[in-house]
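Each remark here refers to the structure printed beneath this line.
If you're wondering where the values come from, they're calculated on a predicted model, not measured in any experiment. Chain identifiers are assigned alphabetically (A, B, ...) following the order of the sequence lines, protein sequences preceding nucleic acid strands; residue numbering begins at 1 within each chain.
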There are 2 protein chains.
Amino acid sequence: MKTSEKKEKISRKTIQRLTMYLKCLEKFSPDDYISSEEMGVLLGVTAAQIRKDFSSFITNIETCIGIRGKGYNVKCLYEMIENILGINKQNNVIIVGAGKLGNAILLEGDIEKPRFNIVGIFDITKSRIGKEYKGIKISSVSDIPKIASEQRIDMAIITENKSIAQQVTDIVTQSGIKAILNMTSLEIKVPRDVVIEHIDLNRKLQELNYWKEKAE
Amino acid sequence: MKTSEKKEKISRKTIQRLTMYLKCLEKFSPDDYISSEEMGVLLGVTAAQIRKDFSSFITNIETCIGIRGKGYNVKCLYEMIENILGINKQNNVIIVGAGKLGNAILLEGDIEKPRFNIVGIFDITKSRIGKEYKGIKISSVSDIPKIASEQRIDMAIITENKSIAQQVTDIVTQSGIKAILNMTSLEIKVPRDVVIEHIDLNRKLQELNYWKEKAE
DNA sequence: TAGATTGTTAATCGATTAACAATC
DNA sequence: TAGATTGTTAATCGATTAACAATC
């Protein structure tokens, strides 16, 4: 099967679980075999759920998959999920906002290294530009279009101050970058052909509070 | 109706949307009226969805609610949602991990101020203890039990290094703190009576990558 | 072969949407 | 009253689970 063939649609819920399965598999040796039952217990998911999730792409991509009576080979399964998610390659990421948050993500964000490769950090504040962290020099946000034209930038993580987050994101999207991770508390708007995910600390705290009170 | 009466169960999806509605309402004047239609357009949700979400607690809590032909009063609706989420009061939060990430959240995390009140920041590293940020002094993680016994701590945000995240979380939960926001890449385990939410940057990037490739 | 576990189908469950009477 | 929009019911859609034949 050609990779160009359109994939069947996989639900958002399934995609979220795939990233969870991936993380779980990292604890095992590549040669191990793991059953859906075993994995389900570890992750608090039913075995049926797991097999169902896998079945949604078994028919699409010819690849090794579970062996009846034995389970799934860890390495095979891992690579298949990586494949589905499209993370079996190096993705170039930039951080936009070199304040404390951007800096924290760059230096102690535990970003998976060869998979997500941070190739630049940018800021709008003159006084920050030129400083170097971890061998990466802070550049001006106004340089993003130029840099994006020179090398493939797959994603941008927005860590700028809320007040200018929309403004810098506009520069990012105008530079042709198609994926944004928004870490500001502003509800950033992007053109329809750009995908965006939001990490909103306040909303998470609000949710957490509900579950806490409910549990009491 | 007493507040002690057990609430009907509201789905996780609905709770997530409630935090979204709250954020949306903040853009309006308290005296405004907003219709489900109007709000739906702003948020990319159907009007029916919104009314359905609201209806799940209309019958539970006697409060002002929508007016037919007119819509919902912003202030009323806002307060009702705050009430449901249990965030109509001050929640005391501690940050555990005074590295770059903890520091970033404390100083530029845009945490909603009176609602989530950061009352302490802790670290395990001797050299960091005693430093002061924003009027809050970094204390030793070993002081958490004592501090938690002196004042109500509603939540802890874990920003410690991955390698010791489980260890410090154990101290937190043993101190009687019942809600954890895990910002490390470690899958922290907590006792069954503690609620936990995870913010995992790598998993978010993986998801984002899938949607990006799918959109292409 | 016997035991284990897959892949898949059908049944169940839950969440979303459409439609509309109620009513401001 | 006429227009607008709610609150709710019933219909639809999608996701999860149970069950089991297939097969390693």
Determine whether more than 12 heavy atoms belonging to other residues, nucleotides or ligands lie under 6.0 Å from atom [atom1] of [X].
X: B/Glu37; atom1: CD; value: no
X: B/Lys212; atom1: NZ; value: yes
X: A/Lys23; atom1: NZ; value: yes

Requested in this report: Please find out if less than 6.0 Å separates the ring center of A/Phe28 from that of A/Tyr78.
Outcome: no

**Report entry** N/O (side chain, A/Tyr72) to phosphate O (OP1/OP2, C/dA4) under 4.0 Å
**Finding:** no

Query - Contact residues, residues 35-45 of chain A to DNA chain C [heavy atom, < 4.0 Å] - result: A/Ser35, A/Ser36

Query - Interface with DNA chain C, restricted to residues 11-26 of chain B and to heavy atoms under 4.0 Å - result: B/Ser11, B/Lys13, B/Arg17

Report task. Could you tell me which residues satisfy side chain to side chain contact (heavy atoms under 4.5 Å, CB included) with B/Leu43, sequence neighbours excluded, listed by chain and number? Result -> B/Met20, B/Tyr21, B/Cys24, B/Met39, B/Val45

Once you round it to whole Å, what is the distance between [atom2] of [N] and [atom1] of [X]?
X: B/Asp53; N: C/dT16; atom1: CG; atom2: P; result: 7 Å
X: A/Ile50; N: C/dT5; atom1: CD1; atom2: P; result: 13 Å
X: A/Gln49; N: C/dT5; atom1: CD; atom2: C1'; result: 18 Å
X: B/Phe54; N: C/dA15; atom1: CZ; atom2: P; result: 17 Å

Kindly say whether [Y] contributes a backbone atom to a donor-acceptor pair with the side chain of [X] at under 3.5 angstrom?
X: A/Asn117; Y: A/Asn92; value: no
X: B/Gln166; Y: B/Lys189; value: yes
X: B/Asn209; Y: A/Leu85; value: yes
X: B/Asn161; Y: B/Ile164; value: no

Requested in this report: For each nucleotide in nucleotides 18-24 of chain C, reading 5' to 3', give B when a protein heavy atom comes within less than 4.0 Å of its base, S when such contact involves only the sugar-phosphate, and - otherwise.
Outcome: BBB-BBB

Report task. Assess the side chains of A/Lys89 and A/Asn91: does a donor N or O sit below 3.5 Å from an acceptor N or O? Result -> yes

Query - From CD1 (A/Ile153) to CD1 (A/Ile94), nearest 0.5 Å - result: 5.5 Å

Query - Listed once per pair and sorted, the side chain to side chain donor-acceptor pair (under 3.5 Å) pairs that draw on residues 103-114 of chain B, sequence neighbours left out - result: A/Ser185-B/Asp110, A/Gln206-B/Glu112, B/Glu112-B/Arg115

Query raised in the report: So what stems show up for DNA chain C if we need 3 or more Watson-Crick or G-U pairs in a row, all under 3.5 Å?
Result: C:3-24 with D:3-24

Requested in this report: Take B/Arg17 and B/Gln49 through the test side-chain hydrogen bond (donor to acceptor under 3.5 Å, both in side chains) and record every step on the way to the result.
Outcome: CA-CA 10 Å; B/Arg17 280 191 300 264; B/Gln49 177 73 270; 3.0 Å; yes

